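Since this is a predicted model, take the numbers as computed values, not measurements. Residue numbers start from 1 in every chain, and the chains themselves are labelled A, B, ... in the order their sequence lines are given, proteins ahead of strands. Below, all heavy atoms of this structure are taken into account, side chains as well, without hydrogens, waters or symmetry copies.
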Amino acid sequence: MPTSTDFRQVNRPSHSSQVIAAMETQLSNGPTCNNTSNGPSTISNNCSSPVESGSIEDSKTNLIVNYLPQNMTQEELKSLFGSIGEIESCKLVRDKITGQSLGYGFVNYVDPKDAEKAINTLNGLRLQTKTIKVSYARPSSASIRDANLYVSGLPKTMTQKELEQLFSQYGRIITSRILVDQVTGVSRGVGFIRFDRRIEAEEAIKGLNCQKPPGATEPITVKFANNPSQKTSQALLSQLYQSPNRRYPGPLAQQAQRFRLDNLLNMAYGVKRFSPMAIDGVTSLAGINIPGHAGTGWCIFVYNLAPDADESILWQMFGPFGAVTNVKVIRDFNTNKCKGFGFVTMTNYDEAAVAIASLNGYRLGDRVLQVSFKTNKTHKA
DNA sequence: TTCGATT
């Protein structure tokens, strides 16, 4: 959660029949910008739905609970919601393979009054770092699956309201969000739109992908969203670098370990190390324009990765140098092969700097890596 | 193939 404001109050539903749940969906991919047909796509085929029934007929007992803490179990979910009233059934949705929680679940009460009470009482409740969302679940149906879109390249000035205005011509929007930088609050230019029905999402892709919103100078990308469980597998991978490292032994790991020790010693003795973020002991917000700094840490660009490179290789290479919060291998949309580069975010400037100094020019397999702080370069002008 | 973004 970006802020700790009164989400609980502002987000409380005033008319619950219109509060529609957001179901997280499976990963699926959409088309790229390279449309083979460049004529205007027909978005108004006669698919006007007879299914206006929507929320009125929906269950008054079944709730969807979103944004649950990662470690919350089904038993804890049942315990929490059982405090309101008798539960008919309760299900925490988990990853099919890893069994990890996907962060949402369903609670079906016996009495509709208890369901309403649970929304009023538990929606917006803070649990650890999360603010849970409790709302009526829509009937399970194929037509509402895979209706979640990921939008990137948005103008930084675009508001959530404007985003909704842009997409609402294609259907009924269930949820929308624009991601913002945690420090500056400025839009990251990416967001989500969940439609009521998949067909609406498909039409929005056809109509808006690679199009410039009114007043924008760059086209946006609109595609189906990934499901949100993969951070978990990344976190699991991050533990790889803690274990004895058989893949990258030798001088490099030793150098990394010695650096960490030096750093600890310096901290213990109060030695101040250089960081562009620190000016006379005062952290300056002017630092947001320093190359590589991404608000949440120091962003590092890694070039010349092999096509089969994956995230674990980045964790293993950078982890020994200090706190790594995120790694990303950039892949080709169609082949899913690495496009030759990736990004690593490190918390501390010093550790990032040493990692760069150590890993730039490092030979990985038959390739020589180029490693530097991320800049704002882009190959398309 | 030289700088993304996944609630």
Any donor-acceptor N or O pair under 3.5 Å, side chains A:N304, A:R367: yes
Which nucleotide in the list [options] gets nearest to the side chain of [X]?
| X | options | result |
| --- | --- | --- |
| A:C299 | B:dT6, B:dG4, B:dT2 | B:dG4 |
| A:Y150 | B:dA5, B:dT7, B:dT2 | B:dA5 |
| A:S372 | B:dT7, B:dC3, B:dT6 | B:dC3 |
| A:N326 | B:dG4, B:dT6, B:dT2 | B:dG4 |

Plane angle bin for A:F343 and A:F341 - parallel if under 30°, tilted between 30 and 60°, otherwise perpendicular: perpendicular
Distance-minimising heavy-atom pair for A:W298 and A:N348: CD1-C, 3.7 Å
From [atom1] of [X] over to [atom2] of [N], roughly how many Å is that when rounded to an integer?
| X | N | atom1 | atom2 | answer |
| --- | --- | --- | --- | --- |
| A:K328 | B:dT6 | NZ | C1' | 7 Å |
| A:F195 | B:dT7 | CZ | P | 19 Å |
| A:I300 | B:dT2 | CD1 | C1' | 16 Å |
| A:Q70 | B:dT7 | CD | C1' | 14 Å |
| A:L149 | B:dT7 | CG | C1' | 14 Å |
| A:L154 | B:dT6 | CG | P | 13 Å |
| A:I330 | B:dG4 | CD1 | C1' | 4 Å |
| A:D181 | B:dT7 | CG | P | 15 Å |

Aro-ring/base stack A:F192-B:dT7, d under 5.5 Å, angle under 30°: yes
Is_stacked (A:F343, B:dG4) at 5.5 Å, 30 deg: yes
Sugar-phosphate, base or nothing in reach of A:T375, heavy atoms under 4.0 Å: base
Side chain A:N148 and base B:dT7 donor-acceptor under 3.5 Å: yes
Near-ring test A:F373/A:F301, centroid separation under 6.0 angstrom: no
Test of ring centre spacing under 6.0 Å for A:F195 and A:Y170: no
Under 4.0 angstrom between A:R188 side-chain N/O and B:dT6 OP1 or OP2: yes
